[in-house]
Each structure stands twice: as structure tokens, then as C-alpha cells.
Amino acid sequence: MASSSDLSGYDDLTTAFIRHRKRKSFDRNLDERIKARGEKILKENHPRNTSRINSHSVFWMTWLYVGGGLIGVNLSIGCYCVLWLSYYKKITDWDKHSPYIIPIATASFIAGMIW
């Protein structure tokens, strides 16, 4: 019969398991203790027990969304200038029509790439 010290730690559990499987005789008590300890380890380390949302992932998701939003602002301004002003309104000098639009597009692109 195996003692209860066979299952005191993870290394002892592994040793007890290997000894248990190499024996010719079957020890139901040791088998049940190994099985219980293994199920406990599986429950403790199950992926559902850990949260997918933590401070690190929130930080990077926020960083990504802000940077993507700034790039989106840049692309929206570009589409406004090229499609609306150039093709639809036939305005070729964007600086006279909207003097603030090019600096905003440039700043949002730079901030989005850095952010």
C-alpha cells in the first residue's frame, strides 16, 4: 500500500503515478487518490478559471482602438478631400476651402502611428 505522502506534491504525485502503473497489483485506494489529485490540478489550471480581460489586455486594446480611431480620422479626411471636394465639388485647392483640414489629417496620422 502506498502512503499518503506519495501525493504531497506534484513531483511526488508523478512518482506515485509511475510506481502505481509499473506494479503488477492494482491498488484502488492509490488510484482514487491519484485521480482526485489529478482532477484537482486540472480544475485549478483550467482556462475558464482565468479571466480573459486583465489590466494588460485592456491597456493594449485601448491603445489599439485609439490609434485605429486616429488613423480612421485621417482616412475619413482623405476621403472627404479626394472624393467630396475634388470629384463632386470640383475644388482643387483644398487649403483655401478648408485651411484646417490638412494639418488635422497630418496630426491624426502621426498621432495614430505613434499611439
Side-chain angles (χ1 to χ4, degrees):
M1 280 241 123
S3 66
S4 62
S5 67
D6 287 339
L7 302 175
S8 63
Y10 181 74
D11 294 331
D12 295 331
L13 177 66
T14 305
T15 306
F17 177 76
I18 290 170
R19 265 190 284 137
H20 174 67
R21 294 298 175 200
K22 286 184 178 180
R23 288 186 193 159
K24 303 253 184 198
S25 63
F26 180 72
D27 184 3
R28 182 175 300 277
N29 188 27
L30 179 62
D31 189 52
E32 288 175 4
R33 287 187 293 167
I34 289 172
K35 200 180 291 184
R37 178 72 175 150
E39 288 174 359
K40 181 181 175 189
I41 290 171
L42 287 175
K43 284 180 184 176
E44 289 173 355
N45 296 317
H46 196 276
R48 281 190 237 149
N49 294 341
T50 59
S51 176
R52 288 182 12 189
I53 299 175
N54 56 29
S55 60
H56 185 260
S57 63
V58 168
F59 171 76
W60 285 109
M61 286 187 313
T62 304
W63 196 269
L64 177 67
Y65 291 150
V66 170
L70 289 169
I71 297 295
V73 167
N74 179 31
L75 291 174
S76 298
I77 291 172
C79 288
Y80 170 76
C81 289
V82 172
L83 299 175
W84 182 256
L85 292 180
S86 292
Y87 291 129
Y88 186 71
K89 294 285 189 169
K90 305 292 184 205
I91 298 173
T92 56
D93 194 9
W94 302 334
D95 287 334
K96 286 184 183 175
H97 182 267
S98 304
Y100 53 86
I101 205 97
I102 301 299
I104 290 175
T106 304
S108 68
F109 177 77
I110 292 170
M113 292 305 289
I114 292 172
W115 201 274

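As a basis for the values below, the full set of heavy atoms in this structure was taken, side chains included, without hydrogen atoms, waters or symmetry mates.
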Euclidean distance, [Y] [atom2] relative to [X] [atom1], rounded to 0.5 Å:
X      : Y     : atom1 : atom2 : value
Leu75  : Leu70 : CG    : CG    : 11.0 Å
Lys35  : Glu32 : NZ    : CD    : 7.0 Å
Ile104 : Ser98 : CD1   : OG    : 9.0 Å

side-chain contact (heavy atoms from CB on, under 4.5 Å) assessment of Ile71 paired with Met113 = CA-CA 7 Å; Ile71 297 295; Met113 292 305 289; 3.8 Å; yes
Non-neighbouring partners of Tyr87 that pass ring-ring contact (aromatic ring centres under 6.0 Å, His included), sequence neighbours left out | none
Closest non-hydrogen atoms of Cys81 and Ile101, given as atom of the first, atom of the second and distance, are SG-CG2, 3.8 Å
Ala105 and Asn74 have their tightest heavy-atom pair at O-OD1, 3.3 Å
Is atom [atom1] of [X] surrounded by more than 12 heavy atoms (other residues, nucleotides or ligands) closer than 6.0 Å?
X      : atom1 : answer
Phe109 : CZ    : no
Met61  : CE    : yes
Phe59  : CZ    : yes

Are Trp94 and Val82 side-chain neighbours, meaning at least one heavy-atom pair lies under 4.5 Å?
-> yes
Side chains of Ile91 and Lys96 in contact at under 4.5 Å (non-hydrogen atoms) | no
Would you say Ile114 and Val73 are hydrophobically clustered, going by side-chain heavy atoms of ILVMFWY under 4.5 Å?
-> no
Just do the side-chain contact (heavy atoms from CB on, under 4.5 Å) check on Tyr88 and Leu83 with the steps written out, would you?
-> CA-CA 7 Å; Tyr88 186 71; Leu83 299 175; over 6 Å; no
